[in-house]
Structure formats: structure tokens, C-alpha cells
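All remarks here apply to the structure that follows.
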Amino acid sequence: MVDDEIKEYPKFKQSMVKTHTILIPSMLDIHMELMEAVLLQRGYKCEIMRNQGPEVVEEGLKYVHNDTCYPALLVIGQFIDNLNHRDDTHNVVLLITQTGGGCRASNYLHLLRKALVKAGYGYIPVVSLNASNLEKDSGFKPTLTDLLKLVAAITYGDELMYLFNKCRSYEKTKGVATTLKDSWIKKITDQFAEGKGTKLSQVKKNLNDMAKDFDNLDLDLSHKKPKVGIVGEIYIKYASLGNNHLEDFLVSQDAEVMVPGLYGFALYTIWNSIYDREIYGRSLKSAIVAKFLLRFLRRREKAMIESMNNTKFTPMNYFDHTKDLSEGVLHHGTKMGEGWLLTAEMMELIEEGYENIVCAQPFGCLPNHICGKGVMKKIKSIHKDANIVAIDYDPSATKVNQENRIKLMLAIARERIKDEEKAEL
Ligand code: SF4
């Protein structure tokens with residue numbers, strides 16, 4: 001429908017690289033900082049949008065139908081709010097990522113173009129970054145070196161996010177984990193600038209050194225804290241704009257937070273191509289490429305897990321183990337949005353001791369209501385201690401209401417810790 005209305009749209013041309021600033025929606029803070037560095041070093045002028053506040057939602061509501069998924073409304077609202085506050089909107093390009101699956105995320109690009117026209121910014125080109133060959137004529141064309149750097153950025157981002165979350169709630173001196181995380185972001189971006197940090201041997205060394213540095217932080221582990229995992233739709237799970245700064249809120253409530261990394265989603269998307277071939281007879285070529293990519297990423301996943309050896313941190317699980325955990329709860333053919341991965345991540349978190357879980361659900365998201373809320377009863381029948389709360393995120397949901405529900409979940413978690421301690425005594 002939208003395509004019919006906008007047949008012609010401005011294209012991103014290579015000549016714009018030097019003159020235009022690429023605006024990128026914010027999501028995973030650590031990963032995005034590393035990716036921003038990769039693009040800057042490549043000669044692109046780019047900017048991660050950090051504008052937040054009620055205006056973003058208001059702009060989203062103005063230009064996107066209120067039936068649309070909440071993440072789309074926020075991303076588009078953030079773009080338009082950012083453009084409204086710029087002096088020069090003729091030298092910007094908007095970058096949007098697309099998963100390319102059957103979910104509505106594949107339509108965000110068209111929704112954005114339609115909103116831009118309505119808001120009077122129809123002359124601004126939109127660049128699509130996707131793995132599915134969508135938008136062939138307006139796609140961003142990364143080189144092999146760019147791709148290697150982007151994969152390395154995701155690897156380092158996942159490891160840093162994991163270690164940072166493991167330490168930030170137990171610091172003896174406030175801020176040391178943040179300082180260490182920032183110093184590692186700088187170290188990695190410097191290496192990227194020198195053309196280093198992407199080979200497997202270099203990745204392994206950096207990951208080992210990161211784990212050692214975080215292991216040496218002076219932490220107060222004398223008191224048990226509620227361990228809370230965050231799962232949900234990818235944008236709402238990771239973007240502080242989408243989840244009202246959920247991670248910071250949980251830390252402020254004296255909880256330890258765990259957010260499953262981006263590797264899980266990447267491997268899930270790739271593995272699904274192989275499974276599609278197996279159960280639906282889909283493209284053989286995609287399945288072969290997927291097998292190659294899977295092998296490539298698994299070697300880096302192994303390096304991440306092995307970097308935790310000889311430290312106090314429990315390593316994360318291999319993707320294959322996580323995948324198997326959802327068996328018997330949700331079929332692996334359920335793969336719209338986060339699909340079976342959402343279920344598997346909940347099972348994995350419980351297995352790792354994070355039985356308190358916030359399932360972040362955006363308004364308008366059918367897949368997440370099925371694979372999140374829809375499986376909670378089954379998960380609780382397997383793990384009696386599972387303390388899962390589904391929190392809805394939509395334009396009318398109030399932060400107070402969301403936080404009160406999370407506080408209730410934390411109260412249950414604290415009661416359980418007290419009971420455990422009494423039993424130990
Ligand atoms: S996962 Fe849910 S919120 Fe995200 S695009 Fe799909 S339907 Fe929308």
C-alpha cells in the first residue's frame with residue numbers, strides 16, 4: 001500500500017558520503033559506539049541520535065498510525081524529532097536496519113519514507129542496512145573489511161555488555177565499571193583505526209584481556225541481590241528509549257541485570273535459514289551461505305565463552321544449548337520477530353540463576369505476545385521458581401505503572417533470597 005503511494009524516493013549516492021551526515025537510531029549503547037567508530041573511520045559522517053523525551057513519542061504518533069508496532073513509532077518519532085531540531089536538513093541521510101523476515105520490521109523503511117513525506121522531509125534519502133538484500137537500489141554497500149569490523153564490534157559489544165552488567169551492581173567504588181567499559185571502547189576503536197582488532201587471534205586476545213580486567217575490579221559480593229534477566233522484542237529489550245531506561249532502573253533498585261547479547265539474535269536469524277531449507281524446502285543457496293556464516297560466528301562465540309575461563313564469571317551458553325532449551329516449549333518453526341529465541345532466552349536465564357525476568361513487550365507486537373507472554377505458563381510449569389513479569393510498552397503506558405509492576409516482581413525475588421538465607425542458616 002505504502003509503496004503505491006511513494007513510487008519515487010531520493011536515493012543515497014556514493015557522492016553523498018563526504019557531504020551528508022548519516023543519522024542512526026540509538027539502541028545498544030556499547031555496540032553502537034563501536035559501530036559509529038567503524039563508520040567514521042570509513043569516511044562516513046555519522047551521528048547516533050540521542051534525543052529522547054515525550055516529543056519523540058508525540059512525533060511518532062503524529063506520523064505513524066497508532067496501530068503500528070511501538071518500536072516503529074519510536075524510531076520514526078526519533079528521526080523526525082531530530083530533524084525538527086536541526087538547522088540543516090538537506091545534508092542528512094537516515095539509516096535504518098531491517099531484519100528482512102516475515103515480521104513487520106521489514107516494513108519500517110516504507111513507514112519511515114511515508115512519514116518523512118508527511119512531515120515535509122520527503123527529500124531526505126533513507127539508507128537500508130539489512131542482511132536480506134532488501135532495497136537493492138538504495139542499500140548501504142559495506143566492504144568486506146567493514147563487515148569484519150562490524151562483526152568484531154558486535155563481538156566486543158556483547159562481551160563488554162555482559163561483563164559490565166556482571167560488575168556494575170557490585171562496585172565498591174561507584175563508577176569503576178563504567179570507566180573500565182569506556183576505556184575498552186576507546187582501546188577497540190583505536191585498534192580499528194590502525195586496521196587491527198578484527199582477526200580471530202586479535203579478537204581472542206582482546207576478549208581475554210577484557211575478562212581479566214573486569215575480573216580484577218574490586219567488587220562487594222557479600223550480599224545476594226535479585227538477579228534479573230531482560231528479554232523481549234529486540235528494540236524494546238535493548239533501547240533505553242523504548243524501555244524507559246529499564247537496565248538503569250533495575251540497578252537503581254539494587255538488582256543485578258543480565259541482558260542476552262546480540263549474538264543470540266544473529267545466530268538465530270542465520271540458523272533459521274538452514275531450518276527453513278529443512279522443513280519448508282526453501283533456498284539451498286541461503287542455507288549454504290548460512291552454514292558458512294554460522295561457522296564463522298561460532299568461532300567468535302567460542303572465544304567469548306572461553307575468555308571467561310579462570311575468572312569469577314560464569315560464561316554464557318553456546319547458542320546450540322540455548323536453542324535446545326526451547327524444545328518442548330515452542331517449536332523452532334515459530335520464527336516471526338524474536339520467535340523461539342525469546343522462549344529459549346527465558347529458559348536459559350532461569351538455568352543461569354536469573355529466574356526473575358522482565359519480558360518487555362511492545363504494543364502491536366503479535367510474535368512477542370505469543371513467544372513471550374504465551375509461553376510463560378508452560379515455563380512456570382517446568383521451572384516452579386520462575387518469577388516472570390510481562391511489561392507492556394506503548395505510547396499511553398506510564399513509567400510509574402511499569403516500574404511498580406517491576407518493583408512487585410523484585411519484592412518476590414527479595415523474599416526468596418531471605419528464605420534461602422534462612423534455610424542456609
Ligand atoms: S517483532 Fe513485534 S514489534 Fe518488532 S516489528 Fe515484529 S511485530 Fe513489530
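As the structure lists them, so they are numbered: ligands from 1, and atoms in each ligand from 1.
The aromatic rings of H331 and Y275 are tilted relative to each other, their planes meeting at an angle between 30° and 60°.
Annotation: atom 4 (Fe) of ligand 1 to nearest protein heavy atom, E233 OE2, 2.9 Å. Residue, atom and distance of the protein heavy atom nearest to atom 8 (Fe) of ligand 1 are C69 SG, 2.4 Å. Among all non-hydrogen protein atoms, the one lying nearest atom 7 (S) of ligand 1 is C103 SG, 3.5 Å.
Neither the backbone nor the side chain of Y235 has any atom closer than 4.0 Å to an atom of ligand 1 (non-hydrogen atoms only).
More than 12 heavy atoms of other shown residues, nucleotides or ligands fall within 6.0 angstrom of atom CZ in R86.
Relative to the six-membered ring of Y170, R168 misses at least one condition, a distance below 6.0 Å or an angle of at most 45° to the axis.
Between K335 and D276, at least one side-chain nitrogen of the basic residue sits less than 4.0 Å from a carboxylate oxygen of the acidic one, meeting the salt-bridge criterion. Ion pairing of E345 with K237 is present here, as a side-chain N (NZ or NE/NH1/NH2) and a carboxylate O approach within less than 4.0 Å.
Put simply, C365 gets within reach of atom 2 (Fe) of ligand 1, with an N, O or S atom under 2.8 Å from it.
Atom numbering of ligand 1 starts at 1 in the shown order; those under 4.0 Å from a heavy atom of P71 are 3 (S).
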